[in-house]
Novice: 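Here you go, one structure.
Just so it is clear: chains get the letters A, B, ... in the order the sequence lines come, proteins before strands, and each one is counted from 1. Only this structure's heavy atoms are used, side chains among them; waters, hydrogens and symmetry mates stay out.
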Amino acid sequence: MPELPEVETITRSLRPALVGRTILAGQLLWKRSLAAPSAGKFQAGIAGQTVQEVTRRAKFIHLRLSASSLIVHLRMSGDLALVPGKPVPGKHDRLLLFLSGDSTLVFSDARKFGRIWLLSDPQELFARLGPEPLADDFTPDRLYRSLQARRRQLKPLLLDQGFLAGLGNIYTDEALHTAGLHPLTSSDAVSPEQAGALWAAIRAVLAEGIRRNGASIDWVYRGGDFQNHFRVYGRTGEPCPECGTAIERLVIGQRGTHVCPQCQPLKEKIR
DNA sequence: CACGAGACCTGTTCGC
DNA sequence: TGCGAACAGGTCTCGT
């Protein structure tokens with residue numbers, strides 16, 4: 001489920017409930033959910049630490065603890081929730097963290113793609129990430145220059161977390177449609193004006209996603225309702241909200257991609 | 001460097 | 001109804 005707005009929504013909901021709590025013990029139910037360190041070091045390292053801060057970087061949830069950092073990536077189907085008491089593990093629960101104040105932080109993940117790290121320095125993970133799209137240092141000019149520096153199709157480039165950190169399949173399709181750019185456009189063919197439109201579209205789409213508490217699709221429900229406001233994502237064959245043309249589905253970089261052929265013309269020839 | 005395919009996983013929906 | 005195929009919000013690694 002999670003792209004930047006969904007992760008931000010979860011982070012905001014957990015923050016007030018988690019800060020100040022102490023982790024008493026952990027119960028790892030699926031070994032591979034733990035990326036680092038080893039299970040033994042994790043159990044020993046986590047116990048007794050208090051949550052100082054809960055923040056988001058790209059699609060990572062960062063719990064800054066007294067002596068280290070607990071970092072969670074939800075990938076496709078992960079979820080992180082605080083529940084009262086000490087629950088019986090559910091079918092998809094992968095890690096339980098028992099907290100002071102008689103509550104439990106539950107990491108569940110049907111598809112088992114999600115990962116958890118306990119690190120002394122979060123930069124181990126964050127150093128490779130591109131700019132945060134909602135931060136002040138992400139400017140239209142910076143986007144234009146970084147697009148010019150590459151020669152890649154826009155869609156895969158925007159999904160590249162080292163280029164820009166936080167967009168996923170939904171918000172990329174939505175942003176490209178809002179900006180009127182075809183996902184196969186070569187990044188170095190984007191004009192300064194188009195880059196400015198893309199910059200504004202990325203920020204607008206992410207801000208709307210956050211405002212609507214993210215999108216909730218399928219069985220993963222968190223109360224967000226952005227899924228009811230998609231312009232193109234998952235709307236193959238339905239009319240474009242701008243011009244009424246039927247939305248098409250393409251596969252680009254092995255990801256389902258939704259475009260309005262009228263609003264997002266592909267001008268250049270594809271080599 | 002850019003790109004496509006395959007892996008990692010389970011669950012739901014689609015098509016015949 | 002049944003059953004396999006296709007598909008799903010992400011990312012890594014390998015080969016060309």
Side-chain angles (χ1 to χ4, degrees), chain A residues 1-11 29-36 56-61 71-80 90-95 107-117 124-126 128-130 146-176 183-189 205-206 208-210 212-237 249-258 268 270-271:
Chain A
M1 59 168 292
E3 301 180 33
L4 188 156
E6 290 74 30
V7 177
E8 178 67 22
T9 299
I10 294 171
T11 300
L29 300 155
W30 179 254
K31 225 177 169 186
R32 298 194 59 180
S33 295
L34 184 62
R56 176 192 61 74
R57 171 73 170 105
K59 301 173 194 170
F60 294 91
I61 299 169
I71 299 170
V72 179
H73 197 303
L74 303 173
R75 294 279 176 90
M76 292 287 262
S77 59
D79 195 8
L80 201 55
K91 184 181 180 185
H92 297 130
D93 292 353
R94 309 302 177 198
L95 174 70
F107 172 70
S108 64
D109 185 16
R111 290 179 70 180
K112 302 178 176 172
F113 289 161
R115 289 292 180 269
I116 293 160
W117 296 259
E124 269 186 64
L125 287 178
F126 298 164
R128 294 174 304 138
L129 293 171
S146 58
L147 289 169
Q148 288 297 306
R150 312 293 290 271
R151 197 177 206 143
R152 289 183 63 185
Q153 300 168 343
L154 283 182
K155 168 105 186 215
L157 184 56
L158 292 172
L159 288 173
D160 182 340
Q161 302 296 295
F163 180 81
L164 183 64
L167 287 183
N169 207 35
I170 292 177
Y171 292 89
T172 300
D173 281 6
E174 295 295 304
L176 286 169
L184 286 174
T185 306
S186 185
S187 60
D188 62 338
V205 159
L206 291 175
E208 186 186 0
I210 291 171
R212 296 189 184 281
N213 296 314
S216 311
I217 304 183
D218 297 341
W219 73 99
V220 185
Y221 178 71
R222 286 205 74 85
D225 78 329
F226 188 56
Q227 70 278 9
N228 299 321
H229 302 272
F230 292 161
R231 303 157 64 90
V232 288
Y233 183 84
R235 300 190 58 239
T236 309
R249 180 180 184 277
L250 316 171
V251 176
I252 300 173
Q254 300 170 197
R255 311 298 303 275
T257 300
H258 310 78
E268 46 188 314
I270 309 171
R271 293 182 300 126

Novice: With heavy-atom distances below 4.5 Å as the criterion, would you say the side chains of A/L164 and A/L159 are in contact?
Specialist: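 Sidechains of A/L159 and A/L164: no contact.
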
Novice: Under a 4.5 Å cut-off applied to non-hydrogen side-chain atoms, are A/K112 and A/R32 in contact?
Specialist: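 Side chain of A/K112 against side chain of A/R32, heavy atoms only: no contact under 4.5 Å found.
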
Novice: Within the structure provided, determine whether A/L95 and A/V72 are in side-chain contact (heavy-atom separation under 4.5 Å).
Specialist: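 When only atoms from C-beta onward are counted, A/V72 and A/L95 do not touch, as no gap falls below 4.5 Å.
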
Novice: Looking at A/H92, I'd like to know whether one of its side-chain N or O atoms comes within less than 4.0 Å of OP1 or OP2 on B/dG11.
Specialist: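 Yes, such a contact exists.
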
Novice: A/D79 has an atom CG; how far is it from atom P of B/dG11, in whole Å?
Specialist: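 So the CG-P distance, A/D79 to B/dG11, works out to 15 Å.
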
Novice: Write down the distance between CG (A/L147) and P (B/dA2), rounded to a whole number of angstrom.
Specialist: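 Answer to the nearest Å: 12 Å.
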
Novice: Take atom CD of A/Q227 and atom C1' of C/dA8, then tell me their distance rounded to the nearest Å.
Specialist: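 My rounded result for the distance is 15 Å.
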
Novice: Please work out whether the ring planes of A/F60 and A/H73 are parallel, tilted or perpendicular, with thresholds of 30° and 60°.
Specialist: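 Correct class here is perpendicular.
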
Novice: Given atom CG of A/D93 and atom P of B/dT10, what is their separation to the nearest angstrom?
Specialist: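 Checked: the CG to P distance equals 15 Å.
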
Novice: Holding to ring pair (Phe, Tyr, Trp, His ring centres under 6.0 Å), I want the full list of residues that pass it with A/Y233, two or more places apart in sequence or in another chain.
Specialist: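 Ring pair (Phe, Tyr, Trp, His ring centres under 6.0 Å) list for A/Y233, sorted by chain: A/F230, A/H258.
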
Novice: What closest approach, in Å, do A/N169 and A/E3 show between heavy atoms, and which atom pair accounts for it?
Specialist: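 Residues A/N169 and A/E3, closest heavy atoms: N-OE2, 3.4 Å.
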
Novice: Should A/R115 be listed as having a side-chain N or O under 4.0 Å from OP1 or OP2 of B/dC9?
Specialist: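 Checking B/dC9 against A/R115, no side-chain N or O comes under 4.0 Å of OP1 or OP2.
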
Novice: If I take atom CG in residue A/D160 and atom P in nucleotide B/dA2, what distance separates them, rounded to the nearest angstrom?
Specialist: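 My rounded result for the distance is 9 Å.
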
Novice: Just wondering, do A/D93 and A/F107 contact through their side chains at under 4.5 Å, heavy atoms?
Specialist: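 Side-chain contact under 4.5 Å: no.
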
Novice: From CG of A/D109 over to P of C/dA8, roughly how many Å is that when rounded to an integer?
Specialist: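 Going from CG in A/D109 over to P in C/dA8 covers 18 Å.
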
Novice: Taking ring pair (Phe, Tyr, Trp, His ring centres under 6.0 Å) as the definition, give me every residue that meets it alongside A/F113, ordered by chain and number, with sequence neighbours left out.
Specialist: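 Result, ring pair (Phe, Tyr, Trp, His ring centres under 6.0 Å) vs A/F113: none returned.
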
Novice: Tell me the stems DNA chain C sits in, counting at least three consecutive Watson-Crick or G-U wobble pairs, each under 3.5 Å on both distances.
Specialist: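 In DNA chain C, stems of three or more pairs: B:2-8 with C:10-16, B:10-16 with C:2-8.
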
Novice: Rounding to the closest angstrom, what is the interatomic distance between B/dC8 and C/dC3 at atom P?
Specialist: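 The answer is 27 Å between these two P atoms.
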
Novice: Rounded to whole angstrom, note down the P distance from B/dG11 over to C/dT1.
Specialist: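 B/dG11 and C/dT1 have their P atoms separated by 22 Å.
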
Novice: Assign A/Y233 to base, sugar-phosphate, or nothing according to its heavy-atom contacts below 4.0 angstrom with the strands shown.
Specialist: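 The answer is sugar-phosphate, as A/Y233 gets under 4.0 Å only of primed atoms, P, OP1 or OP2.
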
Novice: Under 4.0 angstrom, heavy atoms only, what part of the nucleic acid is A/K155 near: base, sugar-phosphate, or nothing?
Specialist: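 Counting heavy atoms under 4.0 Å across all strands, no contact is made by A/K155.
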
Novice: With side-chain hydrogen bond (donor to acceptor under 3.5 Å, both in side chains) as the criterion, how do A/D109 and A/S77 come out once you've worked through the C-alpha distance, each side chain's angles and the decisive distance to 0.1 Å?
Specialist: CA-CA 5 Å; A/D109 185 16; A/S77 59; 2.6 Å; yes

Novice: Taking the P atom of each, how far is C/dG4 from B/dC9, in whole Å?
Specialist: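 Rounded to whole Å, the distance is 23 Å.
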
Novice: When you compare the side chain of A/L167 with that of A/L206, does any pair of heavy atoms fall below 4.5 Å?
Specialist: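 A side-chain contact exists here, since the closest heavy-atom pair is under 4.5 Å.
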
Novice: Looking at A/K112, I'd like to know whether one of its side-chain N or O atoms comes within less than 4.0 Å of OP1 or OP2 on B/dT10.
Specialist: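 For B/dT10, OP1/OP2 do have a side-chain N/O of A/K112 under 4.0 Å.
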
Novice: Can you pull the salt bridge (Lys or Arg N to Asp or Glu O under 4.0 Å) pairs that have at least one residue in residues 153-166 of chain A, sequence neighbours excluded?
Specialist: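 Every pair satisfying salt bridge (Lys or Arg N to Asp or Glu O under 4.0 Å) with a residue in residues 153-166 of chain A: A/R152-A/D160, A/K155-A/D173.
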
Novice: What does the list of N/O pairs under 3.5 Å between the protein and nucleotides 14-16 of chain B look like, with a distance for each?
Specialist:
none

Novice: Using 4.0 Å as the upper bound for N to carboxylate O, is an ion pair formed by A/D188 and A/R151?
Specialist: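 Between A/D188 and A/R151 there is a salt bridge, with a charged N closer than 4.0 Å to a carboxylate O.
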
Novice: When you compare C/dA6 with B/dA7, how far apart are their P atoms, in angstrom units rounded to a whole number?
Specialist: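 These two P atoms come out 15 Å apart once rounded.
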
Novice: Can you give one letter per nucleotide of nucleotides 10-16 of chain C, going 5' to 3': B for a protein heavy atom under 4.0 Å from the base, S for sugar-phosphate only, - for none?
Specialist: BBS----

